[in-house]
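Quick caveat: nothing in here was measured; it's all calculated off a predicted structure. Throughout, protein chains are lettered first and strands after them, A, B, ... in sequence-line order, and every chain is numbered starting at 1.
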Amino acid sequence: MDGNAPDFAAASRAALADPQLRGNFRRAMDGLMSKRAAQFADTGEWTGVRALAASVRLRALSKLPELLEKLEENCTRNGIAVHWAATTEEANAIALDILHKANAKLVVKGKSMVTEEMHLNAVLEKDGIEVLESDLGEYIVQLDGTMPSHIIMPAIHLNTKQIAHLFKRKIKDAESREDAAYLTDLARRVLRAKFQAADVGMSGVNAAVAETGTLCLIENEGNGRMCTTVPPVHIAFMGLEKVVETLEDVPPVISLLPRSATGQPITTYVNMISGPRKDGEKDGPREVHLVILDNGRSGIYADPELRDTLRCIRCGACMNHCPVYTKVGGHAYEAPYPGPIGKILVPQIEGLAKRGAMPHACTMCNACVEICPVKIPIVEIMGRLRVEAVKPGGAVKDGGAKASRAEAMVWSGWAAMNASPTAYRIATAAMSRLGNAAPASLPMLKEWTNVRTKPRFAGRTLHDLARAKGVPDV
Amino acid sequence: MSDARSSILTKLRTTRDAHPLSPPASDFAPIEAKQWPDQERLPRIRRLMEAVHTEFLDATESDWPAVLREFLAREGVGSLLYAPATEAGKRLVEGWETASPSPPRGEAPHESPEGPAAHPPHPNPLPGGERGPNPTLIPYDRPLEDLKSHLFESIEAGLTTTRGAIAETGSLILWPTADEPRTLSLVPHIHIALLRADALYDTFLQAMREQGWAQAMPTNLLLVSGPSKTADIEQTLAYGVHGPKRLIVLVVHP
Ligand code: SF4
């Protein structure tokens, strides 16, 4: 394993051994799954709106370069400054430049996964700028000095008791009360002062409308509205796939996103921003910036099969339904995007040398594909990435990084054995005679046998038995 | 970073042209099919919004300022921020003077320890003994910068109009303007929204089509479906995290 590659196997073993963590996740995921199911009780409606949303995303991808140009044109006309970044370094540099020009000391942020991808907070802190996450879950995670463990519910790995302790340690005058209402109100008091004083507000984008130059953001707390309304400057960050063609393309996406994510019919706020404060208006930021980030997405787009990864609307439902994610939690992946979408997106962005283990953290049960509101063939892409990991020179960054000569030999031997009836007979007869004699501790069996009993080989092969019953060979 | 721009767009164009995508047609029928009879829309909106702690008041064109004033007095709300240049703002002021709210029941006004302006922002209805006798009207007549500390630190409620509501999800359509600023519905602890009972739509899609949104989007357009809430602490629903703690829909019946 590479020196700096996250060790998913070790991290997941540690997570599995933590009963508190597993309990927290199990409860949360069961709740989210049943609430989502209640929202889609009408299967006809689900099928129809889902097909529509998938078509909206596919149509956007089919015209991606044109729509991005149109988005830029219409945003510019509306007074929004558009910036392009090929890499996260470029995006961070753009952000710093805007902040320096605004002489910013305090930044408040709404939820944005793209800025997690950029590690923007660390960059700003290094520059001496105070940056505060304002989504309650993100705020908790920031106070705790960790990473979000879920893209929708960042602090889902913690329970009320743990959060009460954290607040007591980190917030002045906090009482030690394990009461969600009290803790929420405490965060409200701390953060309102920050919204009032902030120089710049930052946010993500759920969908950007090319037709009108509009940025759509959805949220429940009102912190997103605060960040995009109160400070004098607003900077929005989006991955380049987030564009949709028309305003009418927004309702299908907004219809499925909150229902899939948290099982609510709609979020408390759907916030559609089409520019900075106009002459005569009394509030709203005086500057609005939109940073469009590539960071490997154009590479994903280049491959017709992998391209489907970019349909994602980041609802997080695939995590809630994943048998691996729900057991190990989000931190085991050590990546900005965990769970099924993370397992296909992160290796493509960061490369298979570092992230080659991720596509293997999957049982291929297909649960994520069944619930994905935009019908991403996640499991097919997972399979493709497993192949890319051992095939040098493929479409994905660091393709072939996991290629092993021994594994290649085993597979070519297996192929040869299955191609010749004689070789097959000899090999299976040898297995049924000698297989049980092989100790479970053999190096090639250990990965399997250290958590399972070794299967027993039957004395006669299935072929043998069938032949004896008169089933003819073909 | 125009280098990034052209290299990104060139790459997208070249690779897309090498492998064009043919998306299926977008069939909006599954959304268009969502329709409710006239008499069911308002009850549905009310049910969905009440489920997330929205409160409703009923009034008519002529008495809504009085209904509002009485509500605020009853709840002990000391200050209401409003948009003076809007039709609704003018009606509010007219109706305010002529309204004769029933005096706060129980204690006499002077027993209230503080005047309305001195009320600290209070999350929940004040207990009976501290009822504000006479809510003060505060016009939002200057830029945010000149009102910010007042807005964040002492104003208790804000009044806005709406452009209707959506039956499918129970959502108000807010369309802030130069006269009716965005923070009016965001910063005060209580947001009161006027909803005309004859401005109801089936879906988000229908509302944007019939009102022609795509032709002229405002700086900020919002759907609001309840008071601010969060479930970030162990899935426990808590109201009033950053935005308004209470949302009151004042339904104006024709
Ligand atoms: S892959 Fe599908 S289910 Fe997963 S986050 Fe994206 S849209 Fe949601």
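- Interface remark: A:E219 contributes no atoms to any contact with chain B (heavy atom separation under 4.5 Å).
- Here the closest heavy-atom approach between residue B:K34 and residue A:S255 is recorded as NZ-OG, 4.3 Å.
- Interface check for chain A: of the options B:L223, B:L21, B:T177, B:D179, the most heavy-atom pairs under 4.5 Å are formed by B:L223.
- Side-chain atoms of A:R192 come within 3.5 Å of backbone atoms of B:H242 as a donor-acceptor pair (strictly under, hydrogens ignored).
- Other residues, nucleotides and ligands contribute more than 12 heavy atoms inside 6.0 Å of the NZ atom of A:K278.
- Residue A:L136 touches chain B through both its backbone and its side chain, counting heavy-atom pairs closer than 4.5 Å.
- With a 6.0 Å radius and a threshold of 12 heavy atoms from other residues, nucleotides or ligands, B:E145 has its CD atom above the threshold.
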Determine, step by step, whether B:W213 and A:T212 satisfy the side chain to side chain contact (heavy atoms under 4.5 Å, CB included) criterion, reporting the C-alpha distance in whole Å, the side-chain angles of both residues, the deciding distance to 0.1 Å, and the verdict. CA-CA 9 Å; B:W213 293 3; A:T212 54; over 6 Å; no
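- Residue with the most contacts toward chain A among B:L9, B:T203, B:L186: B:L186 (heavy-atom pairs, distance under 4.5 Å).
- Residues A:E211 and B:M217 form no side-chain contact, since every pair of their non-hydrogen atoms from C-beta on lies 4.5 Å or further apart.
- Interface remark: B:P218 contributes backbone atoms only to the contact with chain A (heavy atom separation under 4.5 Å).
- The contact between B:S149 and chain A is made by backbone and side chain atoms together, counting heavy-atom distances below 4.5 Å.
- Side-chain contact check for B:F28 versus A:P251: every heavy-atom pair is 4.5 Å or farther apart.
- Interatomic distance, A:N220 CG to B:Y239 OH, rounded to the nearest 0.5 Å: 9.0 Å.
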Stepwise side chain to side chain contact (heavy atoms under 4.5 Å, CB included) test for B:K11 and A:D294: CA-CA 11 Å; B:K11 187 168 177 194; A:D294 181 346; 5.5 Å; no
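- By the 4.0 Å N-to-carboxylate-O rule, B:K245 lies close enough to A:D185 to be salt-bridged with it.
- Heavy atoms closer than 4.5 Å to chain A are found nowhere in B:T54, neither backbone nor side chain.
- A:I254 touches chain B through its side chain: at least one heavy atom from C-beta onward sits under 4.5 Å away, while N, CA, C and O do not.
- Of all the heavy atoms in A:A302 and B:H19, the pair that sits closest is O-CD2, 3.7 Å.
- Annotation: side chain of A:R277 is in contact with side chain of B:P143 (closest heavy-atom distance under 4.5 Å).
- Looking only at heavy-atom pairs under 4.5 Å with chain A, the residue among B:I31, B:L221, B:L174 that has the most is B:L221.
- In this structure, the portion of A:K35 lying under 4.5 Å from any heavy atom of chain B is its side chain and not its backbone.
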Go through it in stages, so that I can follow the logic: the residues are B:L222 and A:R225, the test is side chain to side chain contact (heavy atoms under 4.5 Å, CB included), and I'd like the CA-CA distance, side-chain angles, deciding distance and then a yes or no. CA-CA 10 Å; B:L222 297 149; A:R225 286 184 68 196; 3.3 Å; yes
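- Most heavy-atom pairs under 4.5 Å with chain B: of the set A:A51, A:P265, A:S298, this distinction falls to A:S298.
- Between A:S55 and B:P23, the shortest heavy-atom contact is O-CB, 4.4 Å.
- Between chain B and the residues A:E66, A:R57, A:K63, A:E45, the largest count of heavy-atom pairs under 4.5 Å involves A:E66.
- Without hydrogens or angle criteria, A:R27 side chain to B:E234 main chain gives no donor-acceptor distance under 3.5 Å.
- Neither the backbone nor the side chain of A:V209 comes within contact range of chain B, judged by heavy atoms closer than 4.5 Å.
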Given side chain to side chain contact (heavy atoms under 4.5 Å, CB included), test B:D232 with A:E221 step by step and report yes or no. CA-CA 10 Å; B:D232 275 352; A:E221 298 184 357; 3.1 Å; yes
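- Looking at B:A51, neither its backbone nor its side chain comes within 4.5 Å of chain A, counting heavy atoms on both sides.
- Each of A:I156, A:L158, A:I163 was scored for a side chain to side chain contact (heavy atoms under 4.5 Å, CB included) with B:I233, with one residue passing: A:I163.
- Only the backbone of B:D27 has a heavy atom closer than 4.5 Å to any heavy atom of chain A.
- Between B:A238 and A:A181, the closest heavy-atom pair is CB-CA, 4.4 Å.
- With a 4.5 Å cut-off on side-chain heavy atoms, B:R142 and A:K282 do not count as touching.
- Both the backbone and the side chain of B:K148 have a heavy atom closer than 4.5 Å to some heavy atom of chain A.
- In this structure, no portion of B:D146 lies under 4.5 Å from any heavy atom of chain A.
- Residues A:W84 and B:D3 are not in side-chain contact: their nearest non-hydrogen atoms beyond the backbone lie 4.5 Å or more apart.
- The distance from atom CG of A:L247 to atom CD of B:Q215, rounded to the nearest 0.5 Å, is 9.5 Å.
- A:R259 touches chain B through its side chain: at least one heavy atom from C-beta onward sits under 4.5 Å away, while N, CA, C and O do not.
- Among A:V288, A:V230, A:I218, the residue with the largest count of heavy-atom pairs under 4.5 Å with chain B is A:V230.
- Each of A:G222, A:G48, A:S274, A:G299 has some count of heavy-atom pairs under 4.5 Å with chain B, and the biggest count is that of A:S274.
- Residue contact with chain B, scored on non-hydrogen atoms closer than 4.5 Å, involves the backbone of A:T267 exclusively.
- For B:V224, the parts sitting under 4.5 Å from any heavy atom of chain A are the backbone and the side chain alike.
- A side-chain donor-acceptor contact under 3.5 Å links B:T219 and A:E281.
- If you tally non-hydrogen atom pairs under 4.5 Å between each of B:T236, B:L147, B:L205, B:D141 and chain A, the highest count goes to B:L205.
- Contacts between A:L240 and chain B at a heavy-atom distance below 4.5 Å involve the side chain alone, from C-beta outward.
- Distance check, rounded to the nearest 0.5 Å: OG of B:S185 to OH of A:Y269 gives 7.5 Å.
- Interface check for chain B: of the options A:T184, A:L58, A:L52, A:N223, the most heavy-atom pairs under 4.5 Å are formed by A:L52.
- No side-chain donor-acceptor contact under 3.5 Å links A:R188 and B:S228.
- Distance check, rounded to the nearest 0.5 Å: CE of B:M49 to CD1 of A:I266 gives 10.0 Å.
- Remark: the backbone N or O of B:L144 is not paired with any side-chain donor or acceptor of A:D283 at under 3.5 angstrom.
- Checked against salt bridge (Lys or Arg N to Asp or Glu O under 4.0 Å), A:D249 has the following partners two or more places apart in sequence or in another chain: A:R59.
- Both the backbone and the side chain of B:S26 come within contact range of chain A, judged by heavy atoms closer than 4.5 Å.
- When each of B:T15, B:L12, B:L48 is scored by its heavy-atom pairs under 4.5 Å with chain A, the top score falls to B:L12.
- Counting only heavy atoms from C-beta outward, the side chains of B:S171 and A:V270 never approach each other to under 4.5 Å.
- When atom types are taken as modelled, the side chain of B:R16 and the backbone of A:S62 share a donor-acceptor pair closer than 3.5 angstrom.
- Taking each heavy atom of A:P285 and B:R182 in turn, the nearest pair found is CD-NH1, 3.8 Å.
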